[in-house]
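Hydrogens, waters and symmetry mates play no part in the numbers below; they use all other heavy atoms, side chains included. In this text the structure is predicted, and so the values were computed from the model without any measurement.
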Amino acid sequence: MMNFLSFQIHGGGIGGGIAANLESLLIFIEGLSGKTPPEMFSAIMPGIAGLDNIHPLFVHYPIAFFTAFFVFDFFGVVAKKEKWRYVASSLLYLGTIAAAFTVVAGLFAADSVEHGEDVHEIMERHEHIGIAVLSLSLFLSAWRLKQWGLRLKRGNTIFLLLAAFLCVLLSLGADLGGLMVYQHGVSVNQAAISAAAPATDSEDAAVAAPEQANHDFNNADSAGGHEHSDHSHGGHSHGGHSHSH
C-alpha cells in the first residue's frame, strides 16, 4: 500500500498522480491572477461562457426533481410512508419552480438561435410540451398543497396517474431537445466545426495518398509492363505504344 501511494504521489499512475494534478491546479489558479473578471469567468466556466442562451442551464433540474418526486410519491403510497410523500411534495415544488425558469429561458432561446424550417416544427412541439409540463406541475402542486392542508387521503390513484403522465411528457420534451441539438446542431458552434473540418480532410488525404501510391505501384508491378488488350480505357497512348483497352 505504501509503495502504491508513493508511486501515485510522485507522478505515476493514471493522470500523473496527486502531485501532478495539484501542480496543474496551482498553475491554473496562478494564471487567473492577471485576468479581468469576465476573463476569469470564461476560464473557470468556459462552457457557460460559450452558451448562446441560458436555457441549457435549467433543463436538467425539472427532469431530476420531477423524476425523484414520482419515485418518492409512488413508493410512499405503496409502502404507506407519509414522510416519503412529504419529501415528494418538496421535490414537486422545486421541480415546478425549475420548470418555470426553464420554460421562460426556452422561450427566449427560441428567438436567439438560428434554425431552419426542418427544426422549427420540432422546436414548436418542444415548446408546447414544455408549457404543458409547467401547467401540469402547477396543477399538481396546487392539488398537493390543498390535500396536505386539509389532510385528505383521497385521489391518490388519479394523482399518481397524472404524475406519471407528467414524467412521460418530460421524457418526450427532453427527447425533442436532444434531437434538435445532436441531430440538427441547434445552438452548436458551426464555425468551430467548419474550422476543424479542413484539418481533418487534410489528414485523411495525407493518409490516403501513400495508400493510393502503394496501390498504383502494386498494379504496375503485377502488370509487368505488358499490354492489356482485354480492357477498354479509350485507346490511351503511353510511351508511343497504343493500348487498346
Side-chain angles (χ1 to χ4, degrees), residues 14-15 45 47-48 51-113 115 118-188:
I14 300 175
M45 298 288 187
I48 296 178
L51 290 176
D52 292 331
N53 57 79
I54 61 174
H55 180 64
L57 295 179
F58 298 104
V59 293
H60 297 93
Y61 290 101
I63 296 174
F65 284 134
F66 286 143
T67 303
F69 146 69
F70 177 73
V71 171
F72 271 91
D73 208 48
F74 176 80
F75 286 105
V77 171
V78 172
K80 297 181 180 179
K81 299 290 187 179
E82 189 171 341
K83 291 184 178 179
W84 292 8
R85 302 198 70 197
Y86 275 109
V87 173
S89 299
S90 300
L91 294 169
L92 172 62
Y93 305 146
L94 290 173
T96 302
I97 295 172
F101 281 104
T102 304
V103 169
V104 172
L107 293 176
F108 282 104
D111 297 327
S112 66
V113 297
H115 59 277
D118 56 339
V119 178
H120 185 72
E121 183 179 351
I122 301 174
M123 188 175 291
E124 287 291 318
R125 290 167 54 197
H126 179 71
E127 178 181 316
H128 295 159
I129 291 176
I131 294 174
V133 167
L134 176 59
S135 302
L136 183 55
S137 65
L138 286 170
F139 174 75
L140 292 176
S141 297
W143 186 350
R144 179 53 60 88
L145 284 170
K146 181 180 179 181
Q147 180 178 342
W148 289 129
L150 299 177
R151 299 290 178 179
L152 295 178
K153 301 298 182 182
R154 300 189 303 272
N156 286 339
T157 301
I158 299 176
F159 188 91
L160 285 176
L161 288 175
L162 290 176
F165 182 61
L166 175 68
C167 292
V168 171
L169 287 177
L170 197 67
S171 300
L172 295 175
D175 179 74
L176 292 177
L179 177 65
M180 286 189 291
V181 174
Y182 298 112
Q183 186 70 27
H184 297 279
V186 176
S187 290
V188 175

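Using a 4.5 Å heavy-atom cutoff, the side chains of E124 and H128 are in contact. Contact of the F65 side chain with the L92 side chain is not registered, since no non-hydrogen atoms from C-beta on lie closer than 4.5 Å. For the pair R125 and L179, the minimum side-chain heavy-atom distance is 4.5 Å or more. Counting heavy atoms from C-beta on, the side chains of L145 and Y93 come closer than 4.5 Å. Side-chain contact between V77 and F159 is absent, with no heavy-atom pair separated by less than 4.5 Å. In this structure, the side chains of Q183 and I122 stay at 4.5 Å or more apart for every pair of heavy atoms. The shortest distance between side-chain heavy atoms of F66 and L136 does not fall below 4.5 Å.
Atom OG1 of T102 is separated from atom CD1 of I63 by 8.5 Å, given to the nearest 0.5 angstrom. Here NZ of K83 is found 13.5 Å from CZ of F72. Values are rounded to the nearest 0.5 Å. Separation of atoms CG (L91) and OG1 (T67) is listed at 10.0 Å; rounding is to 0.5 Å. Here the CG atom belonging to L176 is positioned 10.0 Å from the CD atom belonging to E121, to the nearest 0.5 angstrom. For the atom pair S89 OG and L140 CG, the distance stands at 10.5 Å (nearest 0.5 Å). The distance from the CD1 atom of I131 to the CG atom of L134 is 8.0 Å, given to the nearest 0.5 Å.
Surrounding CZ of F101 are at most 12 heavy atoms belonging to other residues, nucleotides or ligands under 6.0 Å away.
Across every non-hydrogen atom of G177 and H126, the tightest pair is N-ND1, 3.6 Å. Summarising the geometry of V133 relative to L169, their closest heavy-atom pair is CG2-CB, 3.7 Å, with the distance given to 0.1 Å. Of all heavy-atom pairs spanning C167 and F70, the tightest one is SG-CB, 3.7 Å. Scanning all heavy atoms of the two residues, the minimum distance from S141 to T96 falls at OG-OG1, 3.0 Å. Taking both residues in full, the closest heavy atoms of P62 and L170 are given as O-CD2, 3.7 Å, listed atom of the first, atom of the second, then distance.
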